[in-house]
Amino acid sequence: MRFTSCTFLIIVMALFLVGAQQGRAAHMTLIAANSHWRFLDDGSDQDSAWRFPEFNDRQWKMGRGKFGYGDNSETTLVGDGDSTAGVHITTYFRRPVYVPDPDKFSELTMKVQHDDGAVVYANGVEVMRVNMPTGAITAGTQAIAATSNEEGFTTSTLDGSALHRGTNVFAVEVHQFDPTSSDMGFNFELVGVTPDPIGEDQMTFAVIGDYGEDSVQEQRMANMVKSWNPEFIATVGDNNYPAGSATTIDANIGKHFHDFIYEYKGIHGAGAEQLRFLPAPGNHDYYSTPPLGPYLDYFTLPGNERYYDYRIGPIHVFALNSVEAEPDGFTSTSKQANWLHTKLIASDAPWKMVLLHYPPYCSGGDHGSSPALRWPFREWGADAVFAGHDHLYERMAVDGLPYFVNGTGARHLYALKAQIPGSIFRDNREFGAQRGVVSSEFLLLEYYWIDGQLLDTFSIHRPQSPWKIDGFLEADVPPADDDALKIYAQRQGDWLYLATTSFSGSDHFLYLARQPGAPVAANWKKSGAIAQWDFFLAKERDSEEHGWYDAHEYPTNEEPGFWSAARDGRDGLLEGAINLKVIYGEVPPEVYVAVGSYETEDGGALNPDAQVPQPISSDGNLDADEYLRLPLASDRGTNWIAF
């Protein structure tokens, strides 16, 4: 079985527009908040060697931010020491980050969430110190003061000369102020400003929620949204307060948005010639007689109109009905969920966004999280999930998928409650809406107050692979043998596709190396050794986890925005695509690949009968001469090669 804090060189490449005064400059997130880090929490003194790239941290634990203890908002708990002797003063964190071209950044910004103090090193050199004394820092050095803002981030600039092309390593030590402290916390974000544009094929859209009240606030929100000239407006429910009545629906919706509503039936002006208003129903829309009747009469929507999908340019919208009264169910095994699963897999859109009213995750307000709506959206192929219901704004990252609560359209605002794991930013001070800008390779999401002030920004840069990574081999791929594994490979331009079939009852790995290196301990606590890889595709049988991982076992596609994609498919297929130019700086003349299949438990042995290529020596190791050489001198066109 895989170690629960499995282990990641990750590239998170997220771009977003900034103010008009900066033109079309973009922000590229190199390390995202809530990313994976290795950490050491045993109270030891690591001196200085741990700060440098060459330090071997493979025995350290692995987790995803936020890290800490004592606040109940941590995704990964770290050890707090022996209560009789006092807590550990220092906890250490490390992670690599791949930077394709550091010269392109005009500015780099670090954001650190620290409880209490922190020192940040880039490639062994100190680049930030916050709430810590001057002079030499040791494992026993205490922070200057206790931290009062548990959710806030401290920002500092980073000189671009601190980074180099390729792999860089950030190391952070977090220090307590008091040996009797009851809490500790750490999170980190690294962002660079680059002149790269969002893209010439961009399209604008908006997301609003809990808005339908025909109030001054709704009018101001609508004016702001329409000033963006969006291609469409999506809603996350409660379109018609207070009771979903036919007598209020046109004033609450059509009065403000009639020019976006297809086949508009109201009195406030002309409608749209095509579908440009994409609502999801909320509980207040159901309070009518009959339940949801006025909503269904008012809108002309695809499918059964309670839940549906609609493709507009590069984005595919999936609107769900999360209200308990939905006749097709609202849990992850319902008919509605099966519909979504099928639709997401079938979609070839670059971006897939899910709308629903009840939030799967939320820090508060009057309602909080709805666990029944925690469907496996990421595994099914969604890129972002939008909800409402609680009248606040919140951005979260859960298992690498961005979740938003956007319930500040016009109704009264709710108080915040305890922050939950995965929460990054939240606000309840003013009404607002989200603006989106999307192109074939970029997705930008901004949250604005109704006075036009920008509060939060999140975006993804994802170059599109030439293949649809959906868990199915292409039609012209020959069938795999029933009793053996195969490797499938194809190159198109900068991209390499790799796939393999699974061996029954095993954990399954496909390794990629520019040149296999010296033997290292097998990944995920398996037995034996493996010639060092650069990246591997993985499928764990017990947990059904899958995806790309790097040389340090860091998952590279659990976060949004990667130059790689992977899918654990039907009939045991594991497939993925990776951009060679991004990871190597060029398309190399050749790479090497190998498949290993291991018993599922920790220490599970390599199965030589399921090795590809066939082993030279059945010694339980996967050696350098047991990799397959894959020439890349030219594109392989449409002919798939099975080895």
Side-chain angles (χ1 to χ4, degrees), residues 9-12 14 27-41 45-55 57 60 63-68 76 78 88-99 102-103 105-164 167-177 181 184-194 424-425:
L9 173 129
I10 173 179
I11 219 180
V12 184
H27 287 198
M28 179 180 290
T29 302
L30 298 171
I31 301 177
N34 290 5
S35 289
H36 283 78
W37 293 69
R38 287 193 187 276
F39 65 96
L40 186 67
D41 60 350
D45 186 343
Q46 290 296 298
D47 196 23
S48 61
W50 71 279
R51 306 168 186 170
F52 293 89
E54 58 270 20
F55 180 80
D57 61 8
W60 287 20
R64 185 195 291 276
K66 177 184 176 184
F67 297 86
T76 301
V78 302
H88 300 323
I89 293 298
T90 303
T91 306
Y92 301 94
F93 299 87
R94 282 174 52 93
R95 62 158 294 124
V97 57
Y98 188 89
V99 182
D103 294 335
F105 300 114
S106 60
E107 178 182 325
L108 288 158
T109 301
M110 297 174 292
K111 298 180 180 180
V112 182
Q113 192 173 38
H114 52 93
D115 183 357
D116 294 298
V119 184
V120 181
Y121 306 89
N123 298 318
V125 178
E126 182 178 329
V127 292
M128 182 179 182
R129 184 180 296 209
V130 55
N131 197 27
M132 292 293 293
T134 59
I137 300 294
T138 71
T141 304
Q142 295 175 212
I144 294 174
T147 302
S148 59
N149 182 4
E150 306 293 351
E151 295 186 27
F153 286 77
T154 299
T155 300
S156 178
T157 58
L158 175 66
D159 192 313
S161 63
L163 303 181
H164 55 255
T167 302
N168 297 260
V169 173
F170 277 77
V172 182
E173 51 186 303
V174 177
H175 292 250
Q176 293 283 51
F177 165 68
S181 176
M184 174 267 181
F186 167 71
N187 214 337
F188 185 90
E189 186 174 56
L190 175 66
V191 179
V193 177
T194 172
I424 299 171
F425 178 84

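These numbers come from a predicted model, not from an experiment.
Applying the salt bridge (Lys or Arg N to Asp or Glu O under 4.0 Å) test to every pair with at least one member in residues 125-146, sequence neighbours left out, gives these pairs: E126-R129.
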Margin query: If you apply the rule side chain to side chain contact (heavy atoms under 4.5 Å, CB included), what do you find for F55 with Q46, and how did you get there?
Written below: CA-CA 11 Å; F55 180 80; Q46 290 296 298; 3.8 Å; yes
Next item on the list: Begin with the C-alpha distance, continue with both residues' side-chain angles, and end with the deciding distance and a verdict on side chain to side chain contact (heavy atoms under 4.5 Å, CB included) for V99 and F105.
Entry: CA-CA 10 Å; V99 182; F105 300 114; 3.9 Å; yes
Item checked: Verdict with reasoning, Y92 to W60, per side chain to side chain contact (heavy atoms under 4.5 Å, CB included) -> CA-CA 10 Å; Y92 301 94; W60 287 20; 3.6 Å; yes
Checklist line | Evaluation steps, side chain to side chain contact (heavy atoms under 4.5 Å, CB included), between E189 and I424 | finding: CA-CA 11 Å; E189 186 174 56; I424 299 171; 6.0 Å; no
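In this structure, the side chains of T141 and P133 come closer than 4.5 Å at one or more pairs of heavy atoms. In this structure, the side chains of L108 and L30 come closer than 4.5 Å at one or more pairs of heavy atoms. Residues F170 and L190 form a side-chain contact, since some pair of their non-hydrogen atoms from C-beta on lies under 4.5 Å apart.
In terms of heavy atoms, K66 sits closest to G185 at CE-CA, 4.2 Å. In terms of heavy-atom proximity, M110 sits nearest to L158 at CE-CB, 4.1 Å. For the pair A139 and T90, the tightest heavy-atom approach, listed with the atom from each and the gap, is O-OG1, 2.7 Å. The nearest pair of heavy atoms linking V172 to A118 is CG1-CB, 4.3 Å. Minimum interatomic distance between P53 and G124 (heavy atoms only, all atoms of both residues): CD-N, 4.4 Å. Considering every non-hydrogen atom in both A145 and N131, the closest pair reads O-ND2, 2.8 Å.
In terms of modelled atom types and a separation under 3.5 Å, the side chain of R94 and the main chain of V169 share no donor-acceptor contact. Not a single donor-acceptor pair under 3.5 Å links the side chain of D47 to the backbone N or O of A49. Remark: side-chain polar atoms of T147 are paired, donor with acceptor, to backbone N or O of H114 under 3.5 angstrom. Remark: the backbone N or O of W50 is not paired with any side-chain donor or acceptor of D57 at under 3.5 angstrom. In this structure, the side chain of D41 does not engage the main chain of V78 through any donor-acceptor pair within 3.5 Å. Between the side chain of N168 and the backbone N or O of N123, no donor-acceptor pair lies under 3.5 Å. When atom types are taken as modelled, the side chain of Q113 and the backbone of E151 share a donor-acceptor pair closer than 3.5 angstrom.
Each of T76, N187, I31 was compared with W37 under the side chain to side chain contact (heavy atoms under 4.5 Å, CB included) criterion, and only I31 meets it.
Under the side chain to side chain contact (heavy atoms under 4.5 Å, CB included) criterion, F52 pairs with E54, sequence neighbours left out.
The CD1 atom of I144 lies 11.5 Å from the NE2 atom of H175; values are rounded to the nearest 0.5 Å. If you take OG1 on T138 and CD on E173, they are separated by 8.5 Å, rounding to the nearest 0.5 Å. Note that NZ of K111 is 8.5 Å distant from CZ of F153, once rounded to the nearest 0.5 Å.
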